[in-house]
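Step one of this worksheet: look at the structure below.
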Amino acid sequence: STTHLERRAQASYNGNGWDLTGRVQDFQTIDSTIPDIRHPYRRLPQLLFNADPRTQPYGLNLTLDGEAVQFDHDERLTGTRLDLLPKVSLPLGAAAWYVTPTVGARYTSYTLDDADRYGFSDNPDRTTPLASLDSGLFYERNVSLFGNGLLRTLEPRAFYLYVPHEAQSDLPVFDTGLTDFSFQQLFQYNRFNGADRMGDANQLTLAATTRLLDPVTGTWTNISLISPPD
C-alpha cells in the first residue's frame, strides 16, 4: 500500500528557550500509476523556529512558532511560504483548578512563481487573530475496588476558541488538510494541519476525564467523555 518513500536530511539546534530546525525533504513515488501532477511537493529547504522563553514577564507565557519553506514541484504551482504565530497567555490556577486565557495572531505570506498561470497573485498574505480560554478543575477521592485502595479523580474541562472568518481562496494549498478527529484535536487552535488554511471558530468544547490511580505505583487508567464543539 506504500505509494511514496520519504527522503529527508535535517539538522536541529536547541537553545535556551528556543529551537531551530533546518530540513530538505523529497519523496520518491514508487507507484507508477500516479500521474506526475499528483506527486508530493518537495521542501527545498524548510526552516522551523520555536521560541518559549524560560523567563517570562508578569507571569505571561510568550511563544512564537515560525516557518519558512520553499515548495518545489515539476508540474504544479511553486513558491515560498512564511508563517508566524505569536501567542500570549496568562496561566492562572492552583492545585485544584486552572484558567488560561490566550490571544495571538497568525500571519502567513507567499512569494509565488509564475502565479498568473495558476490564477493567483504574486504575493498573497493572510493575518488572522485568535483568542481562547482554557479552564479545568481537579477533584479526587479515595475508593476501594476489588479490595484495592485507589485514588479516583474527576477532571472537567471547558475550552472556548474564537477565530474570525477570513476568505482564503486567494491562497494556494501546498501541504494542508483537515486533521484526523481525536481527543486532543478538540483543544487545538486550528482544525487544519498546515499553514495554508486557518479554520474559523466560535465554539465551546466540554470534556471530562476520570482516572483510577494506584497511590503507590502511580499506575492509572482513564476514561474521557467529550461534547464536540458547538
Side-chain angles (χ1 to χ4, degrees), residues 1-52 63-87 104-128 130 161 163 166 168-201:
S1 62
T2 301
T3 57
H4 307 283
L5 296 177
E6 181 188 23
R7 299 182 288 197
R8 178 179 65 186
Q10 72 178 47
S12 299
Y13 181 83
N14 294 320
N16 184 17
W18 61 276
D19 61 81
L20 177 67
T21 298
R23 175 186 299 140
V24 291
Q25 183 184 42
D26 189 11
F27 294 89
Q28 178 185 358
T29 301
I30 60 177
D31 186 345
S32 60
T33 65
I34 299 177
D36 291 346
I37 197 171
R38 293 183 57 195
H39 289 189
Y41 275 98
R42 298 180 287 268
R43 294 182 174 94
L44 302 173
Q46 180 186 33
L47 296 176
L48 299 168
F49 176 79
N50 299 281
D52 189 358
T63 63
L64 172 64
D65 298 323
E67 178 196 43
V69 54
Q70 168 71 37
F71 290 100
D72 186 62
H73 200 283
D74 295 331
E75 302 289 339
R76 298 166 64 182
L77 174 69
T78 61
T80 301
R81 183 183 70 200
L82 173 66
D83 182 56
L84 299 173
L85 177 55
K87 296 194 299 291
R106 188 169 200 172
Y107 172 75
T108 308
S109 67
Y110 298 82
T111 300
L112 303 177
D113 305 319
D114 198 14
D116 291 342
R117 175 185 174 188
Y118 298 92
F120 293 97
S121 61
D122 292 336
N123 302 106
D125 62 10
R126 178 200 64 218
T127 301
T128 309
L130 62 89
L161 174 65
V163 181
E166 179 77 18
Q168 300 172 71
S169 59
D170 60 333
L171 304 181
V173 177
F174 287 123
D175 63 353
T176 299
L178 287 170
T179 57
D180 294 331
F181 180 81
S182 67
F183 181 77
Q184 289 302 322
Q185 189 271 334
L186 294 173
F187 307 98
Q188 302 298 316
Y189 297 104
N190 191 13
R191 62 179 178 267
F192 294 95
N193 60 8
D196 297 318
R197 292 293 181 267
M198 186 70 184
D200 60 307

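- Between the OG1 atom of Thr111 and the CG atom of Asn123 there is a distance of 4.5 Å, given to the nearest 0.5 Å.
- Atom CG of Leu112 is separated from atom OG1 of Thr78 by 8.0 Å, given to the nearest 0.5 angstrom.
- Between Arg81 and Asp175, at least one side-chain N (NZ, or NE/NH1/NH2) sits under 4.0 Å from a carboxylate O, which counts as a salt bridge.
- With respect to the salt-bridge test (charged N to carboxylate O, under 4.0 angstrom), the residues Asp74 and Arg42 qualify.
- Between Gln10 and the options Arg23, Gln25, Arg43, a side-chain hydrogen bond (donor to acceptor under 3.5 Å, both in side chains) holds for only Arg23.
- Looking only at atom types and distance, the side chain of Thr128 has no donor-acceptor partner in the side chain of Glu166 under 3.5 Å away.
- Counted within 6.0 Å of CG on Asp180, heavy atoms from surrounding residues, nucleotides or ligands total 12 or fewer; the atom is thus considered open.
- In this structure, Arg126 and Gln168 have side chains that are in contact, with non-hydrogen atoms separated by less than 4.5 Å.
- Of the listed residues (Phe120, Phe71, Tyr118), just one forms a ring pair (Phe, Tyr, Trp, His ring centres under 6.0 Å) with Phe174, and that residue is Phe71.
- Counting heavy atoms from C-beta on, the side chains of Tyr41 and Arg76 come closer than 4.5 Å.
- Taking a cutoff of 4.0 Å between a charged side-chain nitrogen and a carboxylate oxygen, Asp31 and Arg38 do not qualify as a salt bridge.
- Each of Asp83, Asp170, Asp196 was scored for a side-chain hydrogen bond (donor to acceptor under 3.5 Å, both in side chains) with Tyr110, with one residue passing: Asp196.
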